[in-house]
A.B. asks: 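Below: one structure in structure tokens.
Letters A, B, ... mirror the listed sequences (proteins, then strands); counts begin at 1.
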Amino acid sequence: MDLPTLPELYKNLFKAYSPQGWWPIQGVYEKHNNHIRVLTEKERFEICLGAILTQNTAWKNVEKSLAALQKHDLLDPQKLERRDMQKLALLIRSSGYHNQKAKKIRAFLDFLKNKKSISQPITRENLLSVWGIGPETADSILLYAYHQPVFVVDAYTKRILGRMGLVEKDADYELVRSLLESAFASKTEQEKVKIFNEFHALFVEHAKQYCRTKPLCEQCPLNTSCAKRI
DNA sequence: CGCCAGGTGGGAT
DNA sequence: ATCCCACATGGC
């Protein structure tokens with residue numbers, strides 16, 4: 001059993017699964033002249049909301065909430081701001097933790113408004129200062145909405161790398177992130193954005209198909225390069 | 001039915 | 001620093 005390097009793992013996953021094309025909102029990541037197009041403000045905002053709503057929640061449930069917000073023409077910070085928290089919570093009910101998440105969205109709206117008035121750029125640091133936005137949500141927003149080269153580490157990433165034997169099972173977020181980012185340090189910023197986007201999506205797909213809570217190691221495409229530390 | 005889902009903040013130790 | 005828990009709906 002030989003453990004792969006992270007670029008090799010990326011290649012192996014890429015071969016095992018077809019390109020995923022995230023963020024999973026219709027049309028966002030379709031190619032334009034072989035590179036991703038600039039997103040509209042509305043698309044960016046929708047991705048930010050999705051990043052908050054999907055915290056510890058299946059994406060399927062988030063889609064319903066986003067559809068409800070779209071239907072009420074609320075995929076816009078100024079319009080959403082005028083809803084009180086109770087009404088907002090009701091609209092996003094399907095995402096679970098809806099009262100908490102309504103509060104988080106409210107905090108994010110305050111952040112956007114405040115940022116505009118002092119025209120601060122979006123950085124990891126100032127995102128992390130928002131109540132309800134932790135490392136994964138911040139990095140999802142930076143990578144998927146703002147195309148900044150940060151790796152989004154999630155429970156699946158840690159599960160897969162932990163089981164394979166590439167990191168300790170209880171490795172913390174920042175360690176795993178720096179490991180993954182260092183592995184592609186020689187790439188250009190734009191290449192990193194593409195790789196980090198796709199790699200994260202492949203981790204999710206692999207975790208759903210084989211590296212589940214109860215893993216299906218027998219049929220797993222990475223079977224021969226895994227320590228199987230379940 | 002039970003388990004799990006692309007986490008985070010708060011409080012106790 | 002590090003554990004433990006509340007937060008909640010929907011799909012399988």
A.B. asks: Both A/Asp172 and A/Lys60 contact DNA chain C. Taking the nearest nucleotide for each, which residue is further toward the 5' end?
C.D. replies: A/Asp172
A.B. asks: Under 4.0 Å, heavy atoms only, any strand: does A/Lys101 hit a base, just the sugar-phosphate, or nothing?
C.D. replies: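 No contact at all - A/Lys101 keeps every heavy atom at 4.0 Å or more from the nucleic acid.
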A.B. asks: CG of A/Leu9 to CD1 of A/Ile160: how many Å apart, nearest 0.5 Å?
C.D. replies: 8.0 Å
A.B. asks: Between A/Lys64 and C/dG11, does any side-chain N or O lie under 4.0 Å from OP1 or OP2?
C.D. replies: yes
A.B. asks: From the set B/dA5, C/dT9, B/dG7, return the single nucleotide nearest to any side-chain atom of A/Arg159.
C.D. replies: B/dA5
A.B. asks: Write out all pairs satisfying side chain to side chain donor-acceptor pair (under 3.5 Å) with one or both partners inside residues 84-95 of chain A, taking only residues at least two apart or from two chains.
C.D. replies: A/Ser65-A/Ser94, A/Ser65-A/Ser95
A.B. asks: When the distance from NZ of A/Lys103 to P of B/dG7 is rounded to whole Å, what number comes out?
C.D. replies: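 A/Lys103 atom NZ is separated from B/dG7 atom P by 20 Å.
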A.B. asks: Given B/dT8, is OP1 or OP2 found less than 4.0 Å from the side-chain N or O atoms of A/Thr137?
C.D. replies: yes
A.B. asks: What is the distance, to the nearest angstrom, from the CZ atom on A/Arg106 to the P atom on B/dT8?
C.D. replies: 21 Å
A.B. asks: Using the side chain to side chain contact (heavy atoms under 4.5 Å, CB included) criterion, which residues pair with A/Glu125? Sequence neighbours excluded.
C.D. replies: A/Thr123
A.B. asks: Which of the following nucleotides, B/dT8, C/dT9, B/dA5, is nearest to the side chain of A/Ser94?
C.D. replies: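 Comparing B/dT8, C/dT9, B/dA5 against the side chain of A/Ser94, the answer is C/dT9.
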A.B. asks: In Å, rounded to the nearest 0.5 Å, how long is the span from NZ of A/Lys103 to CG of A/Leu88?
C.D. replies: 13.5 Å
A.B. asks: Mind calculating the distance between CZ (A/Arg212) and P (B/dG2) to the nearest angstrom?
C.D. replies: 21 Å
A.B. asks: With nearest nucleotides of DNA chain B determined for A/Gln55 and A/Asn61 from heavy-atom distances, which residue corresponds to the more 5′ nucleotide?
C.D. replies: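 It is A/Asn61 whose nearest nucleotide is closer to the 5' end.
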A.B. asks: Please work out if A/Val153 contacts a base, only the sugar-phosphate, or nothing of the nucleic acid, heavy-atom cut-off 4.0 Å.
C.D. replies: nothing
A.B. asks: Between B/dG7 atom C1' and A/His98 atom NE2, what is the distance in whole Å?
C.D. replies: 17 Å
A.B. asks: Should A/Asn56 be listed as having a side-chain N or O under 4.0 Å from OP1 or OP2 of B/dC4?
C.D. replies: no
A.B. asks: Below the 4.0 Å mark, does B/dA5 have OP1 or OP2 next to a side-chain nitrogen or oxygen of A/Thr54?
C.D. replies: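 Negative; the distance criterion is not met.
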A.B. asks: Calculate the interatomic distance between A/Tyr97 atom OH and B/dC4 atom C1'; express it in whole Å.
C.D. replies: 10 Å
A.B. asks: Starting from P on B/dG9, measure out to NZ on A/Lys104 and report it in whole angstrom.
C.D. replies: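 Nearest whole value for this atom pair: 7 Å.
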A.B. asks: For the residue pair A/Lys42 / A/Gln70, report whether a side-chain donor-acceptor contact shorter than 3.5 Å exists.
C.D. replies: yes
A.B. asks: Find the distance A/Ile133:CD1 to B/dG7:C1' and express it as a whole number of Å.
C.D. replies: 12 Å
A.B. asks: Without decimals, in angstroms, what is the distance between A/Glu168 CD and C/dT2 P?
C.D. replies: 14 Å
A.B. asks: Would one find a side-chain N or O of A/Trp131 under 4.0 angstrom from OP1 or OP2 of B/dG10?
C.D. replies: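 For B/dG10, OP1 or OP2 has a side-chain N or O of A/Trp131 closer than 4.0 Å.
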A.B. asks: Which value, in whole Å, describes the distance between the P atoms of nucleotides B/dT8 and C/dG10?
C.D. replies: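 Pairwise P distance, B/dT8 against C/dG10, rounds to 22 Å.
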